[in-house]
Amino acid sequence: MHDTLKRLHGGRRGTGTTLDRFRLNELVSHIAFGGRRGRVYRRIVSLAGVRPGDSVLDVGCSGGYLARKLAAAAGPSGHVTGVDPSQAAIGYARRRTAGTMTFAVGVAQDLDLPDSSFDVVTCTLAIHHVPARQRAAAFAEMYRVTKPGGRLLVADFDPARRPLPLHPGARRMHRAAATVGPLERLAAAAGYRVESSGQLPLLSYVQAIRQP
Ligand SMILES: C[S@@+](CC[C@H](N)C(=O)[O-])C[C@H]1O[C@@H](n2cnc3c(N)ncnc32)[C@H](O)[C@@H]1O
């Protein structure tokens, strides 16, 4: 299992650890959430406050698991954009795309998207892939593309809990909490007003607003 997780996380360095083995990641995720992944991600959609007609961005979308749930909440008049550095994951997400979804290759810290263009920005389990020194840039980019009055929901391994001993990403999140601080601090430093933060199985999350 340890070797599997190391291989899974052994992607491109410098800008982040890209996950090309996204199907394996899906399996590991289902196991890690102990059968509760669907419930946890439905709660994430609800915390993100997606409304029918919203324009939503999912950063680090992998094969589009959360993006499809977001699209269901945004409805036929909404739109979901997914961004991930893995060409393989984006290819898979595109093959499973509904008409209201667009997927593009890219990284959180350099989003090739217009300013103030999304009502909601989500980012789940991807921040631990971004090198610690680039996480502030990733939040600044998410802020830039959020509309004034728009909402942010970021969730990742909870650094306050003992890290999953075999998971390199959970250990990275734990170490980085000491230097770059928790998700709330990163969101506030980017300019968001933090509305709430809390815990979900495995994860901590921050919910924030770009002030109108
Ligand atoms: C553990 S997966 C999480 C996928 C999905 N968001 C979820 O919650 O299931 C992490 C994803 O982050 C992506 N990633 C890696 N570096 C990134 C970066 N710099 N910016 C955005 N995403 C990144 C990986 O390619 C991978 O698809």
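The chain is numbered in sequence order, starting from 1. All values below come from the heavy atoms of this structure, side chains included, with hydrogens, waters and symmetry mates left out. Just follow the structure's listing: the first ligand is 1, and inside any ligand the first atom is 1. Note that the coordinates shown come from a computational prediction; the quantities given were computed from them, not determined experimentally.
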Notebook entry, point to check: Atoms of ligand 1 less than 4.0 Å from Arg37 heavy atoms?
Noted result: 9 (O)

Next item on the list: For Ala126, take its heavy atoms, then give the atoms of ligand 1 lying under 4.0 Å from any of them.
Entry: 12 (O)

With backbone taken as N, CA, C and O and side chain as the heavy atoms from C-beta onward, which portion of [X] lies under 4.0 Å from ligand 1: side chain, backbone, both, or neither?
X: Val107; result: both
X: His30; result: neither
X: Ala108; result: both
X: Tyr41; result: side chain
X: Gln109; result: side chain

Output a table of donor-acceptor pairs, distance under 3.5 Å, between side-chain atoms of residues 63-75 and any protein atom two or more places apart or on a different chain; print 'none' if there are none.
residue, atom, partner, partner atom, Å
Arg68, NH1, Gly63, O, 2.9
Arg68, NH1, Gly64, O, 3.4

Margin query: Under 3.5 Å between any N/O of Thr124 and any N/O of ligand 1: does that happen in this structure?
Written below: yes

Item checked: Sub-3.5 Å N/O-N/O distance, Gly60 and ligand 1 -> yes

Next item on the list: List in chain and number order the residues that pass salt bridge (Lys or Arg N to Asp or Glu O under 4.0 Å) with Arg151, two or more places apart in sequence or in another chain; answer none if no residue qualifies.
Entry: Asp54

Checklist line | From the candidates Asp58, Val130, Asp156, Leu125, the one that places a heavy atom nearest atom 10 (C) of ligand 1 | finding: Leu125

Notebook entry, point to check: So between Ser62, Pro85, Gly82, whose heavy atom ends up nearest atom 14 (N) of ligand 1?
Noted result: Pro85

Give a yes or no answer on whether the side chain of [X] reaches the backbone of [Y] with a donor-acceptor pair at less than 3.5 Å.
X: Ser55; Y: Val80; answer: no
X: Arg185; Y: Pro182; answer: no
X: Thr97; Y: Arg94; answer: yes
X: Gln199; Y: Tyr205; answer: no
X: Tyr192; Y: Tyr143; answer: yes
X: Arg144; Y: Leu113; answer: yes

Notebook entry, point to check: Do other residues, nucleotides or ligands put more than 12 heavy atoms under 6.0 Å from the CZ atom of Arg39?
Noted result: no

Does some non-hydrogen atom of [X] fall short of 4.0 Å from ligand 1?
X: Glu141; value: no
X: Asp84; value: yes
X: Ser29; value: no

